[in-house]
*Asks:* 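Starting off with a structure, shown below.
Below, chains carry the letters A, B, ... as their sequence lines are ordered, and counting in each starts from 1.
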Amino acid sequence: MINNLSEQELLRRKKKEQIEELGTNPYPSESFESNITIKEILQKFDKKEAGNFKDIKLAGRLMSRRIMGSASFAEIMDDSDRIQLYIHRDSICPNEDKTLYNTVFKKLMDIGDIIGIKGYIFVTKVGETSIHVQELKLLSKSLKPLPIVKEAKEGDEKKVYDAFTDPEHRYRQRYIDLLVNPYVKQIFKKRTKVIKVLRDYFDDLGCLEVETPTLQPIYGGALARPFTTFHNTLDMDFYLRISNELYLKRLIVGGFKGVYEFAKLFRNEGMSRFHNPEFTSVEAYFAYKDYFWLMDQVESVIEEIAIQTNGTSKIQIGDNKIEFKKPWKRYTMFEVIQKFTDIDISEMNETELKKVAKDLKIKVDDSMGKGKIIDEIFGEKCEPKLIQPTIIMDYPIEMSPLAKNHRSKPGLVERFEVICNGKEICNAYSELNDPIEQRKRFENQLELGKRGDDETMALDEDYLRALEYGMPPTAGIGIGIDRLVMLMTNASSIQEVIFFPHMKPENQN
RNA sequence: GAUUCCGUAGCUCAGCUGGUAGAGCAUCUGCCUUUUAAGCAGAGGGCCCUGGGUUCGAGUCCCAGCGGGAUCACCA
């Protein structure tokens, strides 16, 4: 193992031993509490507001060093920002013994070491806010060299050297990515903000945040292939949930007026820049509400998310400027298909629909029912063109086995999705609460399964039993958190918004 | 899954029609010794992703594999 170490790694291990020989623990136990953040220093000091800028105590990572004889400049980074340190030999070594500066700082410390300092703030000749260090302590020795990203000014242009940009390394070693690329932290802070706004919104509506099983004996609530696992004591298979929908609705049967859950969902399908095998969704259910009420809520909460994360409801996403301010455009499924294809399919039967699909050069096969064909036409001809947030409503019944029949349009259900930047970001409906109808829908799914559709829903007897006791009229919604965060952070891939996206195992090659 | 591009020093990347492995940063040594430095001089550092093949000779050409990116197809 030791033979595989690079020259620089061997050297750092040796330095660690030398530190120990000097009687210093390179990994001390005692807490070291900063009394200010770097961001606070930079903001308050520049404003020249009164404050305590002596007796600064700060812990962080050493990010650069420029050593001159008996005085050096360095940079320290904490959770908030970076600041320059001025380290003068006689300041940190006021007595005869200059070991701390000459040996420990100059010879035994490295970029990447975690240190604690005490000192006071001043401004250098060239005007950079800095800390004059009076005490210096090693808090943790770093044994691997960090990729060094440097910025230099050439005239007016800012040039970045040795950027750490290789996606494989960035995702596999996210800790390095976070240390070295400051924008990455901002993405994840926004992600947490998105979740917080949603949570606050649902709480304010009087909902209860709940948890439901991740391991499920029957997977349901969505159309997808599951991961399978095994419970030894029960001697049976379990599935990692593809959805938590049916459990949350059981809780509505149980009498809660509203429930929501942020849930990791697992789908055993392809990976791409829009798909990770596990992803986060929030589902929320509201008793005594319908899908029109939900449309208003989703417009409000997403506008609020945009404002909270970006300071404005108008966000640049890729090449598009997207306005989240409500109200959004609303179309029925048939209207939007007519808008983009000039074809009115509202009265068509399966045979006619197949012909339309073929004319539009959309692949159809015998496993596809009416609903699936309509969904394909929509996905192909409409969805990619819907850039501004748009509500699409009233879906064909075949594609929506858990949604309530439309109050006035036969063959349709009271369902809507929000499409933004050409992608679905949420899916919602007036929930089907007629247990007899629900059983028929499940049975119809089984039929589709026999026709060869490999994505159909299993029949869940306990869920039907729950409905038979009576579920109030209920509106429910699922929002894909990862996709929403991608929009709010202008990220082009889902891997950018998940700390540890799944990848093939690292090989020793 | 399909197409296509990529894998060389700790990092970012050169390396031509095949002929002893290169640069900048980082590291080490020295210079500079008190508010700027990407400083100056020198040095060390490589299973060129892996395994086969062609060849007198392969980082380079061919085949297979592993890993990754981009685009496309299915799912959110």
*Asks:* Any strand counts, and the cut-off is 3.5 Å on both contacts for Watson-Crick or G-U wobble. Which nucleotide pairs with B/U20?
*Replies:*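 B/U20 is unpaired by these criteria.
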*Asks:* Taking atom P in both B/G7 and B/C61, compute the distance separating them and give it to the nearest angstrom.
*Replies:*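 After rounding to an integer number of Å, I get 10 Å for this pair.
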*Asks:* Give one of base, sugar-phosphate or nothing for A/Asp482, where a contact means two heavy atoms less than 4.0 Å apart.
*Replies:*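 No contact at all - A/Asp482 keeps every heavy atom at 4.0 Å or more from the nucleic acid.
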*Asks:* For the pair made of CD in A/Gln84 and C1' in B/U36, what is the distance, rounded to whole Å?
*Replies:*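 After rounding, the gap between these two atoms is 7 Å.
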*Asks:* With distance as the sole criterion, do the side chain of A/Glu7 and the base of B/G44 form a donor-acceptor contact below 3.5 Å?
*Replies:*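 Looking at the base of B/G44, it does pair with a donor or acceptor on the side chain of A/Glu7 (distance under 3.5 Å).
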*Asks:* Between B/U60 and B/G15, how far apart are the two C1' atoms, rounded to whole Å?
*Replies:*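 Looking at atom C1' only, B/U60 and B/G15 are 9 Å apart.
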*Asks:* Quantified in whole Å, what is the P atom distance between nucleotide B/G30 and nucleotide B/C66?
*Replies:*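 Going atom to atom, P in each nucleotide, I get 50 Å.
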*Asks:* Sequence neighbours excluded, which residues qualify as salt bridge (charged side-chain N to carboxylate O under 4.0 Å, His left out) partners of A/Lys15?
*Replies:*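 A/Lys15 satisfies salt bridge (charged side-chain N to carboxylate O under 4.0 Å, His left out) with A/Asp110 once adjacent residues are dropped.
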*Asks:* Just N and O in the side chain of A/Arg66: are any of them under 4.0 Å from OP1 or OP2 of B/U35?
*Replies:*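 For A/Arg66, the contact criterion (side-chain N or O under 4.0 Å from OP1 or OP2 of B/U35) is not met.
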*Asks:* Determine whether the aromatic ring of A/Tyr86 stacks with the base of B/U35, defined as ring centroids separated by less than 5.5 Å and ring planes inclined by less than 30°.
*Replies:*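 Yes, the aromatic ring of A/Tyr86 stacks with the base.
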*Asks:* Please measure how far the C1' atom in B/G42 lies from the corresponding atom in B/C63, and state the result in whole Å.
*Replies:*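 Taking atom C1' in both B/G42 and B/C63, they lie 46 Å apart.
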*Asks:* Look at A/Arg170 and B/G68 and indicate whether a side-chain polar atom (N or O) is within less than 4.0 Å of OP1 or OP2.
*Replies:*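 No, no such contact exists.
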*Asks:* Between B/G10 and B/U27, how many Å separate the two P atoms, rounded to a whole number?
*Replies:*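 To the nearest whole Å, 14 Å.
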*Asks:* Taking the same atom, P, in B/G19 and in B/C13, what whole-Å distance lies between them?
*Replies:*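 Between the two P atoms, the distance is 24 Å.
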*Asks:* Give one of base, sugar-phosphate or nothing for A/Ile67, where a contact means two heavy atoms less than 4.0 Å apart.
*Replies:*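 Base, at least one base atom sits under 4.0 Å.
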*Asks:* Do the rings of A/Phe73 and A/Tyr86 sit parallel, tilted or perpendicular, given the 30° and 60° boundaries?
*Replies:*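 Answer is tilted, since the angle falls between 30° and 60°.
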*Asks:* Determine which nucleotide pairs with B/C61, using a 3.5 Å limit on both distances of a Watson-Crick or G-U wobble pair.
*Replies:*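 Result: B/G53.
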*Asks:* On a whole-Å scale, what distance lies between the C1' atoms belonging to B/C11 and B/U35?
*Replies:*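 Comparing C1' positions in B/C11 and B/U35 gives a spacing of 29 Å.
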*Asks:* Parallel, tilted or perpendicular: which describes the rings of A/Tyr260 and A/Phe202, with under 30° parallel and over 60° perpendicular?
*Replies:*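 Tilted, since the angle between the ring planes falls between 30° and 60°.
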*Asks:* Provide the Watson-Crick or G-U wobble partner of B/G67, both distances under 3.5 Å; none if there is no partner.
*Replies:*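 Paired with B/G67, as far as the under-3.5 Å criterion goes, is B/C6.
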*Asks:* Is there, by distance only and without an angle test, a donor paired with an acceptor across the side chain of A/Gln8 and the base of B/A26 below 3.5 Å?
*Replies:*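 By the distance-only test, yes, there is a pair.
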*Asks:* Which base, if any, makes a Watson-Crick or G-U wobble pair with B/G39, both distances under 3.5 Å?
*Replies:*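 Looking at the geometry, B/G39 pairs with B/C31.
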*Asks:* Under 5.5 Å centre to centre and under 30° between planes: does that hold for A/Phe73 and the six-membered base ring of B/U36?
*Replies:*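 By the stated criterion, A/Phe73 and B/U36 stack.
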*Asks:* Any side-chain donor paired with an acceptor under 3.5 Å for A/Gln495 and A/Arg174?
*Replies:*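 Absent: no donor and acceptor within the cut-off.
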*Asks:* Any base atoms under 4.0 Å from A/His169, or only sugar-phosphate, or nothing? Heavy atoms, all strands.
*Replies:*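 It contacts nothing in the nucleic acid.
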*Asks:* Syn or anti: how is B/U33 classified when any glycosidic angle within 90° of 0 counts as syn?
*Replies:*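 What B/U33 shows is a syn base, its glycosidic angle lying within 90° of 0.
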*Asks:* For A/Lys15 and B/C28, is the shortest distance between a side-chain N/O and OP1 or OP2 below 4.0 Å?
*Replies:*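 So the side-chain polar atoms of A/Lys15 do come within 4.0 Å of the phosphate oxygens OP1 or OP2 of B/C28, strictly under.
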*Asks:* Could you check whether A/Lys404 makes a cation-pi contact with A/Tyr429, meaning its NZ or CZ is under 6.0 Å from the centre of the six-membered ring and within 45° of the ring axis?
*Replies:*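 The answer is no, since A/Lys404 fails at least one limit relative to A/Tyr429.
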*Asks:* I need the CE-P distance between A/Met109 and B/C28, as an integer number of Å.
*Replies:*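 Nearest whole value for this atom pair: 14 Å.
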*Asks:* Under 4.0 Å between any heavy atoms, over every strand shown, what does A/Asn427 touch: base, sugar-phosphate, or nothing? Just pick one.
*Replies:*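 Here A/Asn427 touches no strand at all.
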*Asks:* More than 12 heavy atoms of other residues, nucleotides or ligands under 6.0 Å from NZ of A/Lys144: is that the case?
*Replies:*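 Not buried by this count: 12 neighbours or fewer within 6.0 Å.
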*Asks:* Under 3.5 Å for both donor-acceptor distances, Watson-Crick or wobble: does B/A14 have a partner, and if so which one?
*Replies:*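 Because no pair has both required distances under 3.5 Å, B/A14 counts as unpaired.
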*Asks:* Taking only residues two or more places apart in sequence, or in another chain, which ones meet A/Tyr120 in a ring-ring contact (aromatic ring centres under 6.0 Å, His included)?
*Replies:*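 Checked A/Tyr120 against ring-ring contact (aromatic ring centres under 6.0 Å, His included); matches are A/His132.
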*Asks:* Taking pairing as Watson-Crick or G-U wobble with both contacts under 3.5 Å, can you name the mate of B/C72, or confirm there isn't one?
*Replies:*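 With both distances under 3.5 Å, B/C72 matches B/G1.
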*Asks:* Could you check which of B/U27, B/U35, B/G30 has an atom nearest any side-chain atom of A/Phe122?
*Replies:*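 My answer, after comparing the listed nucleotides, is B/U35.
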*Asks:* In whole Å, what separates the P atom of B/A9 from that of B/G24?
*Replies:*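 The same atom, P, in both gives a distance of 16 Å.
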*Asks:* To the nearest Å, give me how far apart CG (A/Leu11) and P (B/A26) are.
*Replies:*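 Spelled out: CG on A/Leu11 to P on B/A26 is 15 Å.
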*Asks:* In terms of the nearest nucleotide of RNA chain B, which residue is placed more toward the 5' end: A/Pro145 or A/Ser70?
*Replies:*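 Between the two, 5'-proximity favours A/Pro145.
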